Student: 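Next up is a structure, given as structure tokens.
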Amino acid sequence: MKKILNPVLILCLIIITISAAQAQRKSWNIAVFAEPSDYYKVKINGELQPTGFAFEVDPGEIHLEVWAPHHEVFDTTFTYISGKITIYARLVQTQELREYQKITSEQNDLRRQNYLTVGLAGAAALGAIINYNQLGKNKYIQRRQELGNRYDLPSYGDQGLENAESSLRRSRTLQYGLYAATAGFTAWGISKILKIRKINPPELKEDKSFILDDLGFAPNMQGGGMQGYLRFKF
């Protein structure tokens, strides 16, 4: 019998839970959406609302305020009559936030440039190492051709010596160029690092426009005793 009743009881509990949730579901007639949408607070007629976007108001004049950290307060007043309405608020960044973003953006650009210069300096240094080995080989070939021509050895001639000297000159020129590129990119990267260190972005302090104004206990005028209270403001 237990095996039959347990699923029935579970099903009944599920139905009761769903019914209770639907009964407790808050009705609404005003929806407020703000940008930025990650975090914002709504105040209606001076009352700070619970976090959310759907609220219920009575007909009459509505004073609506919407706020997000480091943004100016969106403030509007209108008369609500009936039906469901939706309000979209685009919040304006504070001057402090705009300055902070501008400076941090400049720092990020300098960091990206620095990463590029480090990569280019590394590539130039690697090229110099590879070409240094080739330079040694070309120098050896040129010296061998020079000695072969001096002693009139077979298979050595002026053309071979000219080709060897030309290859040696190219390797030397490339080597000097790679040294210069490595030094130049390194100096460029150091200058970017120094610029980054000189930039001190303003400290973006925690925005406490919504602050706890008061905390305490007051007499309960309706049922006697004491009741706790919190007051918020922005």
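Given the structure is predicted, the values throughout are model-derived calculations rather than measurements.
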Student: Roughly how far apart are Phe55 CZ and Ile30 CD1, rounded to 0.5 Å?
Tutor: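 It comes to 9.5 Å.
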Student: Looking at every non-hydrogen atom in both residues, tell me the closest pair between Glu56 and Ser27 and how far apart they are.
Tutor: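 Scanning both residues, the minimum pair turns out to be OE1-OG, 2.9 Å.
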Student: Would you say Thr182's side chain and Ala125's backbone share a donor-acceptor pair under 3.5 angstrom?
Tutor: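 Here the side-chain-to-backbone pair exists.
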Student: I would like to know whether Leu110 and Gln113 meet side chain to side chain contact (heavy atoms under 4.5 Å, CB included); could you show each step before the answer?
Tutor: CA-CA 5 Å; Leu110 289 172; Gln113 293 176 21; 4.2 Å; yes
Student: Hydrophobic cluster membership, with links at side-chain heavy-atom distances under 4.5 Å among I/L/V/M/F/W/Y: are Ile62 and Val66 in one?
Tutor: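 In one cluster: yes.
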Student: Sequence neighbours left out, what pairs pass salt bridge (Lys or Arg N to Asp or Glu O under 4.0 Å) with at least one residue falling in residues 120-144?
Tutor: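 As it turns out, the salt bridge (Lys or Arg N to Asp or Glu O under 4.0 Å) pairs with a partner in residues 120-144, which skip direct neighbours, are Arg143-Glu146.
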Student: State which residues pass side chain to side chain contact (heavy atoms under 4.5 Å, CB included) with Glu35; sequence neighbours excluded, sorted by chain then number.
Tutor: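 Result, side chain to side chain contact (heavy atoms under 4.5 Å, CB included) vs Glu35: Arg90.
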Student: Rounded to the nearest 0.5 Å, how far does CZ of Arg170 lie from CD of Gln134?
Tutor: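 Reported value, rounded in 0.5 Å steps: 10.0 Å.
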Student: Any chance you could measure Thr76, atom OG1, to His63, atom NE2, to the nearest 0.5 Å?
Tutor: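 The OG1 atom of Thr76 sits 8.0 Å away from the NE2 atom of His63.
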Student: What are the two closest non-hydrogen atoms of Ile196 and Gln107, and how far apart are they?
Tutor: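 Nearest pair, atom of Ile196 first, then Gln107: O-NE2, 3.7 Å.
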Student: With heavy-atom distances below 4.5 Å as the criterion, would you say the side chains of Lys43 and Val73 are in contact?
Tutor: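 They are not in side-chain contact.
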Student: Would you say Asn133 has more than 12 foreign heavy atoms packed within less than 6.0 Å of its CG?
Tutor: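 More than 12 heavy atoms, drawn from other residues, nucleotides or ligands, come within 6.0 Å of this atom.
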Student: Measure up the Tyr88 and Phe33 rings against each other and bin them: parallel (under 30°), tilted (30 to 60°), perpendicular (over 60°).
Tutor: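 Judged by the thresholds at 30° and 60°, the geometry between Tyr88 and Phe33 is parallel.
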Student: Quick check: does any side chain N or O of Asn131 sit under 3.5 Å from a backbone N or O of Ser171, one acting as donor and the other as acceptor?
Tutor: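 Side chain of Asn131 to backbone of Ser171: a pair is present.
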Student: Could you check Asn138 against Gln142 for side chain to side chain contact (heavy atoms under 4.5 Å, CB included), going step by step and ending with a plain yes or no?
Tutor: CA-CA 6 Å; Asn138 290 342; Gln142 183 271 340; over 6 Å; no
Student: Quick check against the 3.5 Å criterion: does Glu65 have a side-chain atom that pairs as donor or acceptor with the backbone of Val42?
Tutor: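 No; judged by distance alone, with no hydrogens or angles, the pair does not exist.
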Student: Checking Thr173 side chain against Arg169 main chain: does a donor-acceptor pair fall under 3.5 Å?
Tutor: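 Confirmed, Thr173 side chain pairs with Arg169 backbone.
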Student: For the CD atom on Glu47, are there more than 12 heavy atoms of other groups (residues, nucleotides or ligands in this structure) within a distance under 6.0 Å?
Tutor: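 No.
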Student: Can you tell me how far the CG atom of Leu161 sits from the CD1 atom of Ile141, to the nearest 0.5 Å?
Tutor: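 Separation between the atoms: 12.0 Å.
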Student: Which atom pair, heavy atoms only, marks the closest approach of Asn114 to Gly189?
Tutor: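 What the structure gives for the nearest pair is OD1-O, 3.0 Å.
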Student: Determine whether Ile130 and Leu120 fall in the same hydrophobic cluster, where Ile, Leu, Val, Met, Phe, Trp and Tyr are linked whenever their side-chain heavy atoms lie under 4.5 Å apart.
Tutor: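 No: no chain of side-chain contacts under 4.5 Å links Ile130 to Leu120.
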Student: A side-chain contact here means heavy atoms from C-beta on lying under 4.5 Å apart; do Pro36 and Leu91 qualify?
Tutor: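 They are in contact (side-chain heavy atoms under 4.5 Å apart), so the answer is yes.
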Student: Are Leu116 and Phe185 co-members of a hydrophobic cluster defined by side-chain heavy atoms under 4.5 Å apart?
Tutor: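 Both belong to a single hydrophobic cluster.
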Student: Side-chain contact test, heavy atoms from C-beta onward, threshold under 4.5 Å: evaluate it for Leu135 versus Leu168 and give yes or no.
Tutor: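 Side chain of Leu135 against side chain of Leu168, heavy atoms only: contact under 4.5 Å found.
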Student: Roughly how far apart are Gln49 CD and Leu64 CG, rounded to 0.5 Å?
Tutor: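 That separation rounds to 9.0 Å.
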Student: Please tell me whether Val32 and Ile44 are part of a single hydrophobic cluster in this structure, the criterion being side-chain heavy atoms less than 4.5 Å apart.
Tutor: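 Looking at the clustering, Ile44 is in the same group as Val32.
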Student: For the backbone of Tyr132 and the side chain of Gln175, can you confirm whether one donor and one acceptor N or O come within less than 3.5 Å of each other?
Tutor: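 Judged by distance alone, yes, a pair lies under 3.5 Å.
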Student: Keeping the roles fixed (side chain from Arg98, backbone from Gln93), state whether a donor-acceptor pair exists under 3.5 Å.
Tutor: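 At least one qualifying donor-acceptor pair exists.
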Student: How about Thr94 and Leu97: do any of their side-chain heavy atoms sit closer than 4.5 Å?
Tutor: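 Yes. Closest side-chain heavy atoms under 4.5 Å.
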Student: Please list, one pair per line, the donor and acceptor atoms closer than 3.5 Å that link side chains of residues 77-87 to other protein atoms, with sequence neighbours excluded.
Tutor:
{"unit_1": "Tyr80", "atom_1": "OH", "unit_2": "Asn29", "atom_2": "ND2", "d": "3.4"}
{"unit_1": "Tyr80", "atom_1": "OH", "unit_2": "Gly83", "atom_2": "N", "d": "3.3"}
{"unit_1": "Tyr80", "atom_1": "OH", "unit_2": "Gly83", "atom_2": "O", "d": "2.5"}

Student: Can you confirm whether Arg150 is buried at CZ, in the sense that more than 12 heavy atoms of other residues, nucleotides or ligands lie under 6.0 Å from that atom?
Tutor: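 Enclosed.
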Student: Looking at every heavy atom in both Gly157 and Asn149, which two are closest together, and how far apart are they?
Tutor: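 Shortest heavy-atom separation between Gly157 and Asn149 comes out as O-ND2, 2.9 Å.
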Student: Could you check Tyr40 against Phe53 for side chain to side chain contact (heavy atoms under 4.5 Å, CB included), going step by step and ending with a plain yes or no?
Tutor: CA-CA 9 Å; Tyr40 63 90; Phe53 63 90; 3.5 Å; yes
Student: Of the non-hydrogen atoms in Tyr39 and Pro69, which two are nearest, and what is the gap between them?
Tutor: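 Residues Tyr39 and Pro69, closest heavy atoms: CD2-CD, 3.2 Å.
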Student: Can you see whether Thr51 engages Lys41 through a side-chain donor-acceptor pair at a distance of less than 3.5 angstrom?
Tutor: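 Distance-only check passes for Thr51 and Lys41.
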Student: Can you tell me how far apart NE2 (His70) and CD (Gln101) are? Round to the nearest 0.5 Å.
Tutor: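 Those atoms lie 10.0 Å apart.
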